Every structure is written in structure tokens, then in C-alpha cells.
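Please read the structure below before turning to the comments.
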Amino acid sequence: MTEKKKLLLIDGNSVSFRAFFAMHNVLDKFVSGDGIHTNALYAFNNMLEIVLKDEKPTHALVAFDAGKTTFRTEMFSDYKGTRAKTPPELMEQLPLIQELLNLRGIKTYELKNYEADDIIGTLSKEADEDNMDVTVITGDRDLTQLTTDKVTVKVNVKGVTETEAYTPEHVKEKLGITPEQIIDMKGLMGDNSDHYPGVEKVGEKTAIKLLNEYDTMENLYEHVDEMKKSKLKEHLINDKDQAFLSKKLATINKEAPIEIKLTDLEYQGDNQEQLIKFYQKLGFNSFLERMNVEPEQTQEALSEIKYSELNDEAAKNILNSTEPQTLIIESFGSNYHLDPIIGLAVKSGDNYYATTDISILENPDLKAWIEDESKEKYTFDNKKTIALLHRYGCDLKGVSFDMLLVSYLLDTNDNKSDIGIVSQNYGYNLPMEEEFYGKGVKKAVPEDDHVLMNFLSQKTKIIAELKDKMMSELKDNDQDSLYDEIELPLSNVLAEMEIKGVKVDATRLKEMENTFATRLTEIEQKIYKEAGQEFNINSPKQLGVVLFEDLKLPVIKKTKTGYSTSVDVLEKLKDKSPVVQMVLDYRQISKIQSTYVVGLQKFIQQDNKIHTIYLQTLTQTGRLSSIEPNLQNIPIRIDEGRQIRRAFVPQHEDWEMFSADYSQVELRVLAHISGDEHMQEAFKEDYDIHAHTAMRIFGLNSTEDVTPDMRRQAKATNFGIVYGISDYGLSQNIGITRKQAAAFIDSYFEQYPGVKKYMDDIVKYARENGYVETIMHRRRYLPDIHSKNFNVRNFAKRTAMNTPIQGSAADIIKVAMINMQKMLDKENLQANLLLQVHDEMIFEAPKEEIPILEKLVPSVMDSAVKLDVPLKVESAHGKTWYEAK
DNA sequence: TGTTTCACG
DNA sequence: ACGTACGTGAAACAT
């Protein structure tokens, strides 16, 4: 029995283009030793890895364009006329990509006067006739015309590692036409990027409609006279020649005079030896890892540092030095509140010290140095380092450079939490944590202590060497005070909050667990009875079958895997069957039970407290996030869930929980940065802002005429504005038509012209500068603002509008937290700041201190920054978190 | 490992 | 004509 043959055809030029732009933002970070860019090469190879694994081809070829002139330019001199020429940074990579393919055992081919498309078209047809399966990989949708039962065309979506697979069925489903009709469609609609015209005013939708009626362009033109008089008919007649020319240009030539045979295309597999050399030359460490190149070899790439044992004598030297020194405390695991320290390294001047003997932390000299605020230190992740050392009895002070925080401020875009990635971005060859320790079952501390100590010493070296460069980048961005005055001091405050932890009443949670378990069983039985069958209510798939097939409820929305059963869908089906309400109830309770009642108990430590971890360098806007567990999403909106808050208690008897939150910070921030007069006035006069908005957009004379429903709609509109309004989004949210929503927005902008101007200006700013920033100069880069894709671009626009608002609000509470901690210290209060939930702070305090906090906290919070409108703070307190609201 | 759902601001 | 609200984390299921 012969194995089925499979041919892989890759459109070399279009995938290289895609690869280049997918990694355009890291262009400068991917440069080889001899100064050649390698970003496209890297991304291309990433794609290859995935494709080879998925497709397992027996034959493969990558086709390239041969040059500028082809048979198409002879037909139409302006073909691809306006296309920007290939950037030189990509040009220089094309030979490398060919070399890579050669080493990976894949043939490449180009043919004078023909495009890569034509080579692929010709070969895929040949292979099809030979009964081979064919997969085509391309960034160009036009190639979907080649789709047949045997030929699948996979088109890159966002980047190059993900593709959308086009079979004839998928083409039909997506476009409503057959693959053969695609050229007719292109003929009618033309192509902007290839710069051929088609018929005036005919786009994709119209073209498809016409083809559904007339099947082919030829048939359409045979019957064009019978069409009833319309602009469309006129355009069709006027542009007939162009349409036929465009169709010809769009048609991939399946008879190109290629000199290569299918049998020449056998996939050879990697030339291991040469490929390793190639990767090494380019510093492609992650690919080397994937080839299972012996760890020794990868380690070799990491140069050796001459370090000595971090012992008593070294500790003395460290303490005696007056220079800033670099410190790495390494833990192993995912939660630094529990993980053990496995090693330490200090760079002191030109000396490197490292050890895996943790008892050195008992050395008085080392401890004195760690705890001396005047001894300046550099590190990566100050908060984590503080938390780790705290558990070993040391109180770290004096960190002035935290490489993690700085790299986050410089660019929030990609994952900065790994020192290996940050180092690689600056041209250093340091493995990522996962590369060094391994992943999954293979994850382990290196057996050889020397390997670990060398790794830690490398870290200290890189941190020390990059400090000046990164700090000067901060200064260039005008972000030095954001770092010095906010993020770095905040990391100390957050460390204290995490270490302090919040006490949780486990008994209470246990009681709730039993109550909810009983209720869940009850509802479950009722649902089974009503539905006439038993099934897993938690399975969207099974629930979908019961609701939409067995009970035949109308399908409101679909997900990519089946029926949607989300709340907004179920809400609409409530009166159609009693099961729906039961399912909603079940969902609600089940969520509370699994995520909170049961989930939280798992995080209660020996001290009866929960110690969350705040991620200070994750969000794109500057907010914090909280994990293991997330204490920023404890239920409040519905009372059953809100009961969870009764389990959060102060750590001592006779203490209380105290919480203070900003009222409408984001809208106040908007009023400030937009400078809108009317909105500012509303806040200065302390009006009910949503009622005020309702009054204005509904054209009333007084807020007394505002009905509760008007206020509700105005409130939703205010939210929409903050999120970067769209009529559709608003209409969905408050259940009105899109037209009505659009009218709302128009009237909103009329009433608050300053807001309108802000929205326009900020998008323009993003386009011109490539980023937006907050009041404290926190930046978010928005490369997508230039995207050709409508959706992607619009998303970037909304982000541009929202980020300065959400981000400035985040800045404000961060300042308030720092000031608050200072104030508690200064006033010698026992109260502890425990939690932050975006616009509120939660404290525990002795009862006697509550009256003090009631004055102090709001005054610190509302004076955190000076805006053109006042900030307003509300507070509450009680025996548990539940009462403190 | 990805998808869906839902908790919060 | 395009298809959406902004920012998060966790649990459960399906693959």
C-alpha cells in the first residue's frame, strides 16, 4: 500500500511580507551579528515549524516572484502600480529565507515573467490531477480561487502562525460563491492593492449578488441589456472592458511553463548539522532548543561569568561598597509567596558573587546591606524580591532601578515579565525562564549549581549594563517621574499589601459551600424534570442541544463552535420556557460556588489569610491586575454573591474593614482632559452626572424631569463614551436600535462639544505619534491605528480614546496609594492598606482609628492630583468587607 | 490548549 | 460595506 502523497505549496513573497510586518514592531531587536535584520526570517521559520508539523507533507515547494515585470504588466502597465516597494529591511532577508528553506529541505522556485501565484496554480493543478492532496499557504486571499476538493488554501490571519483554511465549502460559506467565481468577483470589483479597477461602485457585496444571479461575468454581460435601468447598469456597461481585463489579471495562470517536476519536490527534511550552524549564527536560540540541541550546547551560547561564592567574606565586601550593586533573588515556582529561594547573585563593581546556599541570608553583613536604604540596588522585579526576602527574615530597601518596571513603562505592548525577553530585546543572549528551566514535566532546577549561578550572574550583569540606557530612554519619553514618583514607590506599597494579606473566615465559606450545594442540587433536579432529561448544565454544548434542539427555542446568537447560551441570549428566551430562568439561576449560583466559595478556600494560607499577587506590569492601560486569587472581582452586584464579602474580615478582634472609593473618576478625568465646559460644570456643581447628561441629551429643562429610564440610558451613554463610543455597542447595551443609538451619540456630542473634540484629537494624535499617553505620561503604543483592516483599525481608535481615560484614573489612584501609605506611617496609625480595586482602597483598622480614616483617606485621595474638576470620594466601614460599602 | 462564560472596575 | 463597546482572571468543558 502506498502512502498518500501530500504537497505543500507556499507563496514565498506574500508570506515573507506578512512575516515582516507581523514582527515590524521588533524590527530593531532582530538584527544578526553582521547587521542584517532577521524579523521576517524568524517569523517565517515559526510558521514553517507549525505548518510542517500540521501538514506532514511528502512534497514541498516555496514559490517566489521573479521580478517586477510579468505577463500581467504587459497586459496592463499599471498592474500593482501603487504598491509600495519592498522595504530594504525585508529585501535583505529574502536571500536568508531562501537559504533557510534550502537547509530545511524545501525546494524554492521562481520563473521569469510569472508571479509566485502562477507557479502555485500550475503545480497545484498538476498535483490535483495526480490525486495528491495539496495545501497552499499564502497571505493573499486571491489564491482561494485555487481551492478544490483536493486543494486547501490556508490564508494567514493576523501574523503568520495562524491561518484560515479555505475549502470549496468554506469559500461558499464565507462568500456565498464557488472558488471558480472568485475571478469573476475580482473582475467586477477590481483590486486596490494590485491596482486594477473593475467596475465603478461595485464592491464585494454587489459583485457577489450579481454572481448569484448570473453565475459568471460572461453571462452577466450577455443579459446586461435586460437589466432594469439603474446606476449599476450604467456602470456595468461603461466599465465592461475594464471588468474583463481585471478578470484576466485576477486569474491565476495554471499553465505556466515551469521546468520543475512534481517528483523533484520531495520534502527532504532538515539538514540538521548545517541548520544548527545557521541558527547559531543568527542567534535563534529558541529554534535551537526546539531541535533538542543538547542543553550543554545552548548553555555554551551563554558565556561564562567568573563569579565567586557569595560567602561571609563576599558579604563583607558588598556591605563595604558604596557603589550601587545589582541583586538577584531567584525562586522556583509560580507563586513567590510560597516558593523557595533557590539562589542568590550580587554584582558588586566588577565582582560577581553567587550562591545556592540560602543560609547566607543569615549573614549579618549581607542582611545589613539588604536592609540599608542608603545602599543603592538594581534588580528585576522589586516587589517579588521584597516578598521573597521577607519570608527569609530580610527587609529589602534601597532599590533604585527595577528593570521590570522600566521595561513595562517603555513599552506595555509585549510580555515584559521575563528578564530573558527583555534582555533579548536589547541584544543580549539570555534564555527565557522557560528555556532555562524547561517546561511542563521537564521543568526543574539545573542539577549543576554552577549552571544556575552562572545564569543568575548573567542576569546581574545585564541589569547593571542596561541601567543607564533604559533610564535615559525613560527620560527621553518624559517618563522619569512616572517611574521615580509612581511605579517604583508603588511597588514597595504593593509588596507590603501582599505580604500583609487579608484575613478570610474559612468557616463562613464552608457554611456557604453547604448552603449553595443544596440549592444547586434543587435547581438541578428542577431543570432535569422540566427538560425531561439529565445533562451537564455547565456544558454550553449540552445545554445548547437541550435548549435549541430538544426544546426548540429560537437561536438568537451562534458562537464559532455552536449555539451561544450566554446571559444576554438566555434573557431574551426567559418567557419561552421556564427552564431558561432556572438555568440562569443555576449558572449564577454555580459561578459563585466554584470560583469564589470553593475557589477562595484553596488560597487561604497557614495564617488564615489570602495573599494575592498584584501584577504591576501587565495591563495595557496602567491598571493593576490581581491573581492567585483575583481579589479585584469579588462579587458585589447581586446579593447572593455579595455575601462572599462577609468572609473577608479584619485580622484582629475589634478591628473593622474600611473602604473608600472614587466616585466617577473616569468621567471626571474625561471632563478634565477634554476641557469640556458643560461636563466640568456638572462636576464642579456636584450634580448627579448621569441625570445631568440625561437632561441635556433629552433636551429637558431640569433634572427633575429626568425619568429613571432616561437616567439609565444616559448612564450607559456615558460609559459608552468612556469606552470609545460606537452606535452598535450602545444599541446592544441599552436595547435600542442602532439608529436611535446614533442619534443619542450625535446629541451627546452636540451637548458636550469638548468631548467630541477630544475624541477626534486623540485619534489624530495616535495616528501622528503612534501612541497615546495619560496625564502622568504613561504610554500605550497603537501600531494598529494604521492597519488596513477596518476592524483592527477601529479597535485601535477606541483604544486611543479609552486608554488616556482609564490610564489616567489608574495613575491617580496609584499616587493616592503611595501618599496614603506615607500618611499612615507618618501618623503612626495601625491601619493597614490591604486591597486596591481600580477605584477603591480597602483597609483594616482598629475601631478607634475609623473616625480618623474617615477624614484622612478621602482627603488624601481627592488631593492625589490636581484636576480642573474636583475628585469625590465616598467611604464606608463595618465588621466585614460586606458592610464596608 | 482553546473556547465559552461570567465575576469585577 | 465592514462588525464592535474599555480593562482584567478563573472555572469548566471540549478537543
Side-chain angles (χ1 to χ4, degrees), chain A residues 162 189 201-209 412 440 536-544 557-570 583-584 587-600 602-603 612-615 618-638 640-642 644-645 661-662 664-666 716-717 719-734 738 741 745 780 788-807 809-810 813 835-840:
Chain A
E162 270 178 61
M189 67 186 271
K201 292 276 181 247
V202 172
E204 192 174 299
K205 295 284 138 155
T206 318
I208 289 169
K209 219 168 73 193
T412 52
N536 185 347
I537 308 164
N538 281 320
S539 160
K541 198 176 165 193
Q542 292 180 39
L543 180 62
K557 203 167 72 179
K558 289 196 130 199
T559 66
K560 64 173 107 167
T561 50
Y563 312 108
S564 171
T565 65
S566 57
V567 224
D568 51 314
V569 171
L570 296 189
V583 169
L584 282 167
R587 280 257 181 90
Q588 215 164 68
I589 308 286
S590 152
K591 171 87 181 180
I592 297 165
Q593 181 77 318
S594 62
T595 307
Y596 300 101
V597 180
V598 176
L600 283 176
K602 297 177 195 153
F603 290 100
T612 185
I613 292 180
Y614 288 104
L615 300 181
L618 182 134
T619 70
Q620 299 298 306
T621 53
R623 276 190 177 182
L624 301 176
S625 91
S626 156
I627 58 165
E628 293 184 50
N630 180 357
L631 293 184
Q632 291 181 318
N633 71 345
I634 303 301
I636 189 165
R637 291 171 195 172
I638 43 173
E640 273 123 331
R642 194 172 187 161
I644 300 285
R645 295 181 173 225
D661 68 288
Y662 283 112
Q664 287 122 13
V665 241
E666 294 192 340
T717 311
F719 271 103
I721 292 288
V722 168
Y723 293 156
I725 198 83
S726 80
D727 49 11
Y728 181 85
L730 183 63
S731 73
Q732 287 295 300
N733 198 292
I734 50 179
R738 219 170 78 204
I745 294 165
R780 179 172 184 177
K788 276 171 72 177
N789 183 305
F790 178 91
N791 286 322
V792 174
R793 191 174 60 247
N794 272 2
F795 185 60
K797 280 190 197 170
R798 293 198 295 274
T799 312
M801 299 186 235
N802 171 263
T803 296
I805 302 172
Q806 191 182 118
I813 194 165
L835 302 170
Q836 186 254 39
V837 191
H838 310 307
D839 63 359
E840 66 174 324

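Within every chain, numbering begins at 1; the chains are lettered A, B, ... in the order of the sequence lines, protein sequences first and strands thereafter. What you see is a predicted model, and the numbers here were worked out from it, not measured in a lab.
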Roughly how many Å is it from [atom1] in [X] to [atom2] in [N], rounded to a whole number?
X        : N     : atom1 : atom2 : result
A:Met189 : C:dC2 : CE    : P     : 12 Å
A:Phe719 : C:dA5 : CZ    : C1'   : 12 Å
A:Asn794 : C:dA1 : CG    : P     : 16 Å
A:Arg738 : C:dT4 : CZ    : C1'   : 10 Å
A:Ile721 : C:dC6 : CD1   : P     : 14 Å
A:Arg793 : C:dA1 : CZ    : P     : 16 Å
A:Phe795 : C:dC2 : CZ    : C1'   : 16 Å
A:Asn791 : C:dA5 : CG    : P     : 11 Å

Quick one: label [X] by what it contacts on the DNA or RNA (base, sugar-phosphate, nothing), any heavy atom closer than 4.0 Å.
X        : result
A:Ile805 : nothing
A:Ala741 : nothing
A:Asp839 : sugar-phosphate
A:Arg637 : base
A:Val837 : sugar-phosphate
A:Arg642 : nothing
A:Gly203 : nothing

Is the side chain of [X] donor-acceptor paired with the backbone N or O of [Y] at a distance under 3.5 Å, no angle test?
X        : Y        : result
A:Gln620 : A:Thr412 : yes
A:Thr559 : A:Ser564 : no
A:Thr206 : A:Lys209 : no

Looking at residues at least two apart in the chain, or sitting in another chain, which of them share a side chain to side chain contact (heavy atoms under 4.5 Å, CB included) with [X]?
X        : value
A:Asn791 : A:Asn789
A:Ser539 : A:Asn536, A:Lys541, A:Gln542
A:Asn733 : A:Ala716

- Anything under 4.0 Å to a heavy atom of chain A counts; send over the first and last such nucleotide of DNA chain B, read 5' to 3'.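 Taking any atom under 4.0 Å from a heavy atom of chain A, the span is B:dT3 to B:dG9.
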
- Task: Write out all pairs satisfying salt bridge (Lys or Arg N to Asp or Glu O under 4.0 Å) with one or both partners inside residues 794-803 of chain A, taking only residues at least two apart or from two chains.
- Result: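 Every candidate salt bridge (Lys or Arg N to Asp or Glu O under 4.0 Å) pair involving residues 794-803 of chain A fails, so no pair, neighbours aside, qualifies.
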
Counterpart residues, salt bridge (charged side-chain N to carboxylate O under 4.0 Å, His left out), relative to [X] (two or more places apart):
X        : result
A:Glu640 : A:Arg519
A:Arg623 : A:Glu666
A:Lys557 : A:Asp568

- Query: Name the stems that DNA chain C belongs to, where each is three or more consecutive Watson-Crick or G-U pairs with both distances under 3.5 Å?
  - Reply: B:1-9 with C:6-14

- Message: Using the C1' atom as the point on both nucleotides, what is the distance between B:dA7 and C:dC2, in whole Å?
- Response: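 Here C:dC2 and B:dA7 have their C1' atoms 32 Å from each other.
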
- With rounding to whole Å, what would you report as the distance between C:dG3 and B:dC6 at their C1' atoms?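 Their C1' atoms lie roughly 23 Å apart.
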
- Task: Answer yes or no: does a side-chain N or O of A:Arg798 lie under 4.0 Å from OP1 or OP2 of C:dC6?
- Result: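 Answer is yes, contact under 4.0 Å.
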
- Item | Those residues that, when tested against A:Arg645, pass side-chain hydrogen bond (donor to acceptor under 3.5 Å, both in side chains) (two or more places apart) | none

- Message: Set out, in order, the CA-CA distance, both residues' side-chain angles and the distance that settles side-chain contact (heavy atoms from CB on, under 4.5 Å) for A:Asn633 and A:Tyr596, then state yes or no.
- Response: CA-CA 10 Å; A:Asn633 71 345; A:Tyr596 300 101; 3.4 Å; yes

- Who passes ring pair (Phe, Tyr, Trp, His ring centres under 6.0 Å) against A:Tyr563, sequence neighbours left out?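 Testing A:Tyr563 for ring pair (Phe, Tyr, Trp, His ring centres under 6.0 Å), a comparison that skips the adjacent residues, returns A:Phe548.
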
- Query: DNA chain C: A:Thr206 or A:Tyr723, which has the more 5' nearest nucleotide?
  - Reply: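 Nearer the 5' end of the strand: A:Thr206.
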
- Query: What string of B, S and - do you get for nucleotides 8-15 of chain C, 5' to 3', when a contact is any protein heavy atom under 4.0 Å?
  - Reply: SBBSSSSS

